[in-house]
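A quick write-up on the structure given underneath.
Order of the sequence lines fixes the chain letters, A, B, ..., with proteins taken first and strands second; residue numbering starts at 1 for each chain.
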Protein chains: 2
Amino acid sequence: MAFSPDDPPDDVGARQRLTEVDGLAQLSFVIQGMLERRAAEHDLSVIQTRLLGVLRDRQPTMNELARLLGLDKSSVTGLVDRAERRGLVRRAPSAADRRAVLVSLTEDGHAFVTRAAGGFAGDITTLLGVLSPGERATLAGLVSQLLVAHAAKGGIDLFA
Amino acid sequence: MAFSPDDPPDDVGARQRLTEVDGLAQLSFVIQGMLERRAAEHDLSVIQTRLLGVLRDRQPTMNELARLLGLDKSSVTGLVDRAERRGLVRRAPSAADRRAVLVSLTEDGHAFVTRAAGGFAGDITTLLGVLSPGERATLAGLVSQLLVAHAAKGGIDLFA
DNA sequence: TATTGTTATACTCTATAACTATA
DNA sequence: TATAGTTATAGAGTATAACAATA
């Protein structure tokens, strides 16, 4: 199991005999590491970056935000507090429900997430650079299959 | 970009047209989520589980542990403190260097990590269940290629 | 002097429980 | 009563800086 993705290079030999389980686990650590480094470039945590990413095409209430991020509403209060203090998001009262608060990106927030997303996309492109175009297409297809099946299972669970 | 891996099921349609970047990002979130859930089953965090995983076949010093986990040594002090308090790891003085401290798994720690790893392997196997044996082999091969190339790049950086 | 590890401190992130305001 | 959001509180995880013991 892939608990040490950053082992020294003398482990490269071991990586060439990776099982499916180890390979996917290590890949997830590598990709999460890329996200972390890109977020850190802008002095953001992964969760702050993810908050901004969620807000790119949405203007949810605090409650919806909690559901989207899988966090308790009180955690989202703090998350949005810190982002707001940095001028990345703003709160606005909801016209439809005077208890509710709508959260949206500021100009700065939009700029941050766009730059971070671009850098991350570059990381993935670099990672995929060793594959031929055909291999990349094959990989993308297989990954899509996995995600579609996984999402469908999640959907069934949700409505069961 | 995949900042919302847990979007509601009406996003499944969108997932069928995933780009390579989005697909890999979402896959990493799905896998990390599996790790989190398996760790939580044993009341552990991902980093605590990873600590135990690293110790399965090693008995490193605090310093080596910090390098393996990519953390500051002071962070590792706290991490090991909490794991030791729960009886999962133990500290022992190094015979070779009286400044150094060796960290190792206890019986309990070994049992915990073995169970968590087994559950996680099952999750991945289930995830891969929608693919044919040939597709699984293809995927594993491509993932290995990516990781080997990535590790090699890391190695070059380390020795540059 | 340099290195190993811990301590002191501060901040982010997270959850639970209690609270206010609105529905 | 129920829901939306905040506050109070507690704990994990992380880093920086200062420190003690050893090399």
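- Whole-Å rounding puts the B/Arg85 CZ to D/dG13 P distance at 10 Å.
- No hydrogens or angles considered: a donor-acceptor pair under 3.5 Å links the side chains of B/Arg90 and B/Ser104.
- Rounded to 10 degrees, the angle separating the terminal helix axes of the helix from C/dT1-D/dA23 to C/dA23-D/dT1, each built from five base pairs, is 10°.
- Looking at B/Asp81 and B/Arg91, a side-chain N of the basic residue comes within less than 4.0 Å of a carboxylate O on the acidic one, giving a salt bridge.
- Residues A/Pro60 and A/Leu55 are in side-chain contact: their nearest non-hydrogen atoms beyond the backbone lie under 4.5 Å apart.
- The nearest whole Å value for the distance from the CD atom in A/Glu36 to the P atom in C/dT12 is 17 Å.
- Per the geometry, CG belonging to B/Leu71 stands 15 Å off C1' belonging to C/dT12, to the nearest Å.
- Distance CG (A/Leu51) to P (C/dC13): 10 Å, rounded to an integer number of Å.
- Regarding A/Ile47, its CD1 atom lies at a distance of 17 Å from the P atom of D/dG13, rounded to whole Å.
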Atom pairs under 3.5 Å, N or O on each side, protein against nucleotides 16-22 of chain C: can you list them with distances?
from   : atom 1 : to      : atom 2 : distance (Å)
C/dT16 : O4     : A/Ser74 : OG     : 2.6

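- Closest contact between the side chain of A/Leu79 and the listed nucleotides C/dC13, C/dT4, D/dT7 involves C/dC13.
- Using a 4.0 Å heavy-atom criterion, one finds that A/Thr61 contacts the sugar-phosphate atoms exclusively.
- Checking A/Ala96 against B/Glu64, the closest nucleotide of DNA chain C that is more toward the 5' end is the one next to B/Glu64.
- Here the side chains of B/His110 and B/Thr106 are not in contact, with every heavy-atom distance at 4.5 Å or above.
- The side-chain heavy atoms of B/Leu79 and B/Leu71, taken from C-beta on, include a pair separated by under 4.5 Å.
- Remark: of the listed residues A/Ile47, A/Leu88, A/Asp108, A/Leu88 is the sole one forming a side chain to side chain contact (heavy atoms under 4.5 Å, CB included) with A/Leu52.
- For A/Ser74 and A/Asp72, the side-chain atoms include at least one donor-acceptor pair closer than 3.5 Å.
- For the pair A/Leu142/A/Gln145, a side-chain contact is recorded, criterion being any heavy-atom separation below 4.5 Å from C-beta on.
- In this structure, CE of B/Met62 is placed 13 Å from P of D/dT14, rounded to the nearest angstrom.
- In this structure, the CG atom of A/Asp43 is 13 Å from the C1' atom of C/dC11, given to the nearest Å.
- Both cation-pi conditions hold for B/Arg50 and A/Phe29: the charged atom is under 6.0 angstrom from the six-membered ring centre and inside a 45 degree cone around its axis.
- Phosphate contact (OP1/OP2 of C/dG5, side-chain N/O of B/Arg91, threshold under 4.0 Å): absent.
- Distance B/Asn63 CG to D/dT22 C1': 14 Å, rounded to the nearest Å.
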